Amino acid sequence: MYEPIRTKSVHSMAAHHHDDNDIPHRSRREELEIRLAGHLTALLTITDELRALAPQAALDDAAQRLADHVTRLRDGHGPLRAAPTVTGDPRRIAARVGQLHQRAHALAGNALVVATSCDDADGAALAAERMAAHAAALGIEA
């Protein structure tokens with residue numbers, strides 16, 4: 001059988017051990033903006049990897065616009081970025097590019113939903129554009 005949980009949850013302890021002045025509360029909009037910055041940062045990471053595997057000026061432009069939007073959402077703090085490396089045979093690279101476009105399409109869709117929820121028209125437009133671009137790369141109609 002299972003042993004009962006004997007410690008209080010972190011959430012219930014936090015609720016009992018703080019003043020309203022101790023922990024700043026975020027608004028729903030702030031929470032959504034944090035989530036949107038996370039989705040766009042993940043999309044930027046995939047875009048950077050695609051740029052390394054299949055360089056295109058359109059991907060360079062998209063990466064810059066994604067980074068700029070994340071910086072705006074994070075009050076001037078830019079996203080952390082790594083420089084991807086390209087290794088492997090061309091068939092594996094082609095398969096990886098397809099997988100990355102699929103993942104990017106899904107992330108752009110998530111970002112679109114969140115941007116719409118927090119009334120970020122620029123973020124929604126950017127996410128919709130990236131979603132369409134990745135759909136086109138996959139050969140599916142948006």
Side-chain angles (χ1 to χ4, degrees), residues 2-3 5-142:
Y2 295 102
E3 191 170 322
I5 297 173
R6 295 174 190 208
T7 60
K8 292 184 179 184
S9 82
V10 173
H11 301 292
S12 65
M13 289 184 349
H16 295 293
H17 295 293
H18 82 281
D19 278 326
D20 284 336
N21 298 329
D22 288 350
I23 299 173
H25 297 281
R26 293 186 193 117
S27 69
R28 174 172 160 66
R29 180 175 178 86
E30 289 170 325
E31 291 290 343
L32 288 170
E33 286 178 350
I34 290 167
R35 186 176 301 167
L36 178 58
H39 287 310
L40 293 178
T41 299
L43 184 55
L44 175 59
T45 300
I46 291 174
T47 302
D48 283 341
E49 191 169 350
L50 282 167
R51 289 173 57 222
L53 296 172
Q56 296 175 13
L59 288 173
D60 295 342
D61 179 60
Q64 185 59 54
R65 291 189 6 254
L66 287 165
D68 291 346
H69 202 81
V70 171
T71 300
R72 184 183 65 74
L73 287 169
R74 295 183 64 219
D75 295 324
H77 296 92
L80 295 176
R81 294 172 77 175
T85 58
V86 180
T87 57
D89 72 61
R91 287 176 297 184
R92 282 196 171 158
I93 290 173
R96 180 71 181 143
V97 166
Q99 292 168 348
L100 290 170
H101 279 298
Q102 288 176 337
R103 182 71 182 126
H105 184 263
L107 281 168
N110 291 341
L112 178 58
V113 169
V114 176
T116 301
S117 295
C118 67
D119 295 323
D120 183 338
D122 292 338
L126 179 57
E129 174 201 302
R130 298 314 311 145
M131 194 172 169
H134 293 293
L138 292 166
I140 56 177
E141 294 182 27

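All of these numbers come straight from a predicted model, not from anything done at the bench.
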Under the salt bridge (Lys or Arg N to Asp or Glu O under 4.0 Å) rule, collect the residues that match up with Arg35, sequence neighbours excluded.
none
Sequence neighbours excluded, the answer for salt bridge (Lys or Arg N to Asp or Glu O under 4.0 Å) partners of Arg65 is Asp61, Glu129
If you measure only the distance, is there a donor-acceptor pair under 3.5 Å linking the side chains of Gln64 and Asp68?
yes
Test item: [X] and [Y] side chains (from C-beta on) under 4.5 Å apart, heavy atoms:
{"X": "His134", "Y": "Gln102", "answer": "no"}
{"X": "Gln56", "Y": "Asp60", "answer": "no"}
{"X": "Glu33", "Y": "Arg29", "answer": "yes"}
{"X": "His105", "Y": "Ile140", "answer": "yes"}

Of the non-hydrogen atoms in [X] and [Y], which two are nearest, and what is the gap between them?
{"X": "His25", "Y": "Glu30", "result": "O-OE1, 4.1 Å"}
{"X": "Ala54", "Y": "Val97", "result": "CB-CG2, 4.4 Å"}
{"X": "Ala37", "Y": "Arg74", "result": "CB-CG, 4.1 Å"}
{"X": "Gly123", "Y": "Ala115", "result": "C-CB, 3.7 Å"}
{"X": "Leu36", "Y": "Cys118", "result": "CD2-SG, 4.3 Å"}
{"X": "Leu112", "Y": "Ala124", "result": "CD1-O, 3.4 Å"}

Let me know which of Leu32, Ile34, Leu40 forms a side-chain contact (heavy atoms from CB on, under 4.5 Å) with Leu73.
Leu40
Output the distance between atom [atom1] ([X]) and atom [atom2] ([Y]), rounded to the nearest 0.5 Å.
{"X": "His39", "Y": "Asn110", "atom1": "NE2", "atom2": "CG", "answer": "5.0 Å"}
{"X": "Leu53", "Y": "Ile46", "atom1": "CG", "atom2": "CD1", "answer": "11.5 Å"}
{"X": "Glu31", "Y": "Arg26", "atom1": "CD", "atom2": "CZ", "answer": "5.0 Å"}
{"X": "Leu66", "Y": "Arg81", "atom1": "CG", "atom2": "CZ", "answer": "8.5 Å"}
{"X": "Thr47", "Y": "His101", "atom1": "OG1", "atom2": "NE2", "answer": "9.0 Å"}
{"X": "Ile93", "Y": "Leu100", "atom1": "CD1", "atom2": "CG", "answer": "11.0 Å"}

Applying side chain to side chain contact (heavy atoms under 4.5 Å, CB included) to Asp122 and His69, what does each step give before you reach the verdict?
CA-CA 8 Å; Asp122 292 338; His69 202 81; 3.8 Å; yes
